[in-house]
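Remarks on the structure that follows.
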There are 2 protein chains.
Amino acid sequence: MSLRTIEWKNNGIKIIDQTRLPAEFRYLCLKDIKSLWHAIKELKVRGAPAIGAAAALGVYLGVKGFKKKDFASFQKELDQVIAYLASSRPTARNLFWGLERMRRTALEHRDTPVEGIKKILFKETQEIIEEDRRVCRMIGFWGSKLIKDKDTVLTVCNAGILATLDYGTALGVIYKAKEQGKRIKVFACETRPLLQGARLTVWELEKNNVDVTLICDNMAAAVMKSGRIDKVIVGADRIAANGDTANKIGTYSLAVLSRYHNIPFYVAAPFSTFDGAVNTGKDIPIEERCPGEIKELYFKRPIAASRTKVFNPAFDVTDHGLITAIITERGIIKPPFGENIKKVMSNNKI
Amino acid sequence: MSLRTIEWKNNGIKIIDQTRLPAEFRYLCLKDIKSLWHAIKELKVRGAPAIGAAAALGVYLGVKGFKKKDFASFQKELDQVIAYLASSRPTARNLFWGLERMRRTALEHRDTPVEGIKKILFKETQEIIEEDRRVCRMIGFWGSKLIKDKDTVLTVCNAGILATLDYGTALGVIYKAKEQGKRIKVFACETRPLLQGARLTVWELEKNNVDVTLICDNMAAAVMKSGRIDKVIVGADRIAANGDTANKIGTYSLAVLSRYHNIPFYVAAPFSTFDGAVNTGKDIPIEERCPGEIKELYFKRPIAASRTKVFNPAFDVTDHGLITAIITERGIIKPPFGENIKKVMSNNKI
């Protein structure tokens, strides 16, 4: 399946409206940064790497019409656009990574005329997109080495085509292993409250002829106990310096359950998800989303009273001690994570 | 709140249609055993103790109009009714317990005229209902001893008023502790796929002014990690001789997570849930329900394609080694469970 999750088209950011899948496949073209902000907030575009690229495109979208010619004014505008987009969601590192990269690119070319900087910024967005494609392929390459013929992999949320610019991180490992002729089965946790597992992961795996079985999140333990799961592979929204990993709510639960059942638990993520400035998972900000997501199911039908108290964290943190290895574009990082992440980040080598 | 989950009224079985809660509170009056069979199958009446009582009433409903006067014919009819009702759901022990108790009562009075046996059977149904009331109170009494002031308890599915003839098993412990003036908070797991936690537990706890917070099932681990949960208390559908406990899918997951976080994990259940004929959890039949429950959410709106493969076990088994204690009407049973369950079952004492 060849899909473009995000691209620049007709002077806007063209995305798939992921809130409508699987019932409806519809593209949206976002022509201003307010639309993009809402698309990110409402998960029309989601998945850490995709958010990073969308944010970078958003920076270009936000400044491309800027009229003044002095860099100081341009920079002020740029900073406002970046601050605005940065406020859309707090957890995924890639959002800030994409925004910072655009800011740095502009600053590096501060002596270029403003119109020239705009062109350079656009080029940077295309480079970010191309990079993510290569990164997904490399994560798939390294991760597929961990997969044996006839493995069954459990995953949560969506870390696939729809979450990246290519074939995904966690699902990239599966697609690559399948390309290599390995017979793989997948169990997909539906991923309440917004059902990215049921709606997105199952949808794209089925389109790519991967044998996938949908379960509710609370069934994962029983399926593990039955001996059907060989590996768990998940994506990541932010990885701290010590390897603690924030990812979709429910990931931590799977990590604990994997440990109990002696199942390897892998995180697959690009380096743009690593946050060296955050020492441990405790310092990763966890987004709390609106109660309606839980109380109204996915289709605005009530399952609890409007007054009902709800706790709705969008992410949780998996302690590095529960992670078997982190699959990156530069190879597989094994414990001790603090030391090995630092090595890989500085050396570009493992 | 004074609610009658099940009663005999107007020559039929009056139940609350639990599939319509919380949006709508509606009674149903079941006038034939086919309606009852479907009500059990479709979870209009659910919860192991409530199913046991409903099944007993169903036996009376099924034979009350029987015309012939010889016991042999009556017994044949009785056996057919019992076999039919027994086929509604496979896991909850109480269903079979209720049916067997009615059969035994009839056989004990085989020398009584058939019309007299019918009266005795009706009396037995009322005794079963009264017994369950006393049992809930005793479970509450014993269980409340485990609860401290300001405890926060996590639970799953619904083991409360709506699952029993009185104030519940797991929730009975909470109601009793609250009566004693203890300040208790509850976290309720929504309990996919059919959302008994969100729809029923939250509804009845709110009606009884218990401080309850609704979470998705996959959030339990993160909430435990945050230190907010002091105890986990769940109900049971069948308890094997060694203490292995079948309960709503997701219970096993909570037991593993409780162990990891050093949180006591309690099962609250009446003796009618114990099955001495089943040695371990491996021998408990686990109901697998229709895929639509997962794929169509609760309101028949699709979240996955109709062709999507689904695994939908309604229950799972929690190994006795993960259970801190079992709260029964006869007291609190601690490990070693095999030995102690046997003692309590034979001696009527701990």
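Note that the structure is predicted; figures quoted are calculated from it, not measured. We name chains A, B, ... by the order of the sequence lines, and we start the count at 1 in each one.
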Q.
Report which part of A/Pro313 has an atom under 4.5 Å of a heavy atom belonging to chain B: side chain, backbone, both, or neither.
A.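 For A/Pro313, the contact with chain B is made by backbone and side chain together.
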Q: Under 4.5 Å heavy-atom distance to chain B, tell me which part of A/Val317 shows up: side chain, backbone, both or neither.
A: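 A/Val317 touches chain B through backbone and side-chain heavy atoms alike.
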(Q) Looking at A/Lys185, I want to see if its NZ is surrounded by more than 12 non-hydrogen atoms of other residues, nucleotides or ligands under 6.0 Å. (A)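 Atom NZ in A/Lys185 is not packed in, count stays at 12 or less.
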(Q) Tell me the closest heavy-atom pair linking A/Ser253 and B/Ser253, and the distance in Å. (A)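 Of all heavy-atom pairs spanning A/Ser253 and B/Ser253, the closest is OG-OG, 4.5 Å.
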Q: Could I get the full list of side chain to side chain donor-acceptor pair (under 3.5 Å) partners for A/Thr308, not counting sequence neighbours?
A: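 Here the qualifying residues are B/Glu206.
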(Q) So, using side chain to side chain contact (heavy atoms under 4.5 Å, CB included) as the criterion, who are the partners of B/Ala325 when residues are at least two apart? (A)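 Side chain to side chain contact (heavy atoms under 4.5 Å, CB included) check on B/Ala325 returns B/Tyr266, B/Ile332, B/Lys334.
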Q: Using the test side chain to side chain contact (heavy atoms under 4.5 Å, CB included), find all partners of A/Ala255 that sit at least two apart in sequence or belong to another chain.
A: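 With neighbours one apart ignored, the set is A/Phe265, A/Thr318, A/Leu322.
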Q. Using a cut-off of under 4.5 Å for heavy-atom pairs, which of A/Leu254, A/Ile294, A/Val156 has the most such pairs with chain B?
A.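 Most heavy-atom pairs within the cutoff with chain B belong to A/Ile294.
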Q | Neighbourhood of chain A inside residues 210-229 of chain B, taking heavy atoms under 4.5 Å as contact | A |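 If one takes a 4.5 Å heavy-atom cut-off, the residues of residues 210-229 of chain B near chain A are B/Asp211, B/Val212, B/Thr213, B/Leu214, B/Ile215, B/Cys216, B/Asp217, B/Asn218, B/Met219, B/Ala221, B/Ala222, B/Val223, B/Lys225, B/Arg228.
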Q. At what distance, to the nearest 0.5 angstrom, does CD of B/Glu190 lie from CZ of A/Arg192?
A.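 CZ of A/Arg192 is found 4.0 Å from CD of B/Glu190.
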Q) Could you give the distance from CG (A/Leu200) to CD1 (B/Ile303), rounded to the nearest 0.5 Å? A)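 Here the interatomic distance stands at 10.5 Å.
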Q: May I ask you to name which of B/Asp316, B/Ile249, B/Thr251 has the most heavy-atom pairs under 4.5 Å with chain A?
A: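 The residue among B/Asp316, B/Ile249, B/Thr251 with the greatest pair count is B/Ile249.
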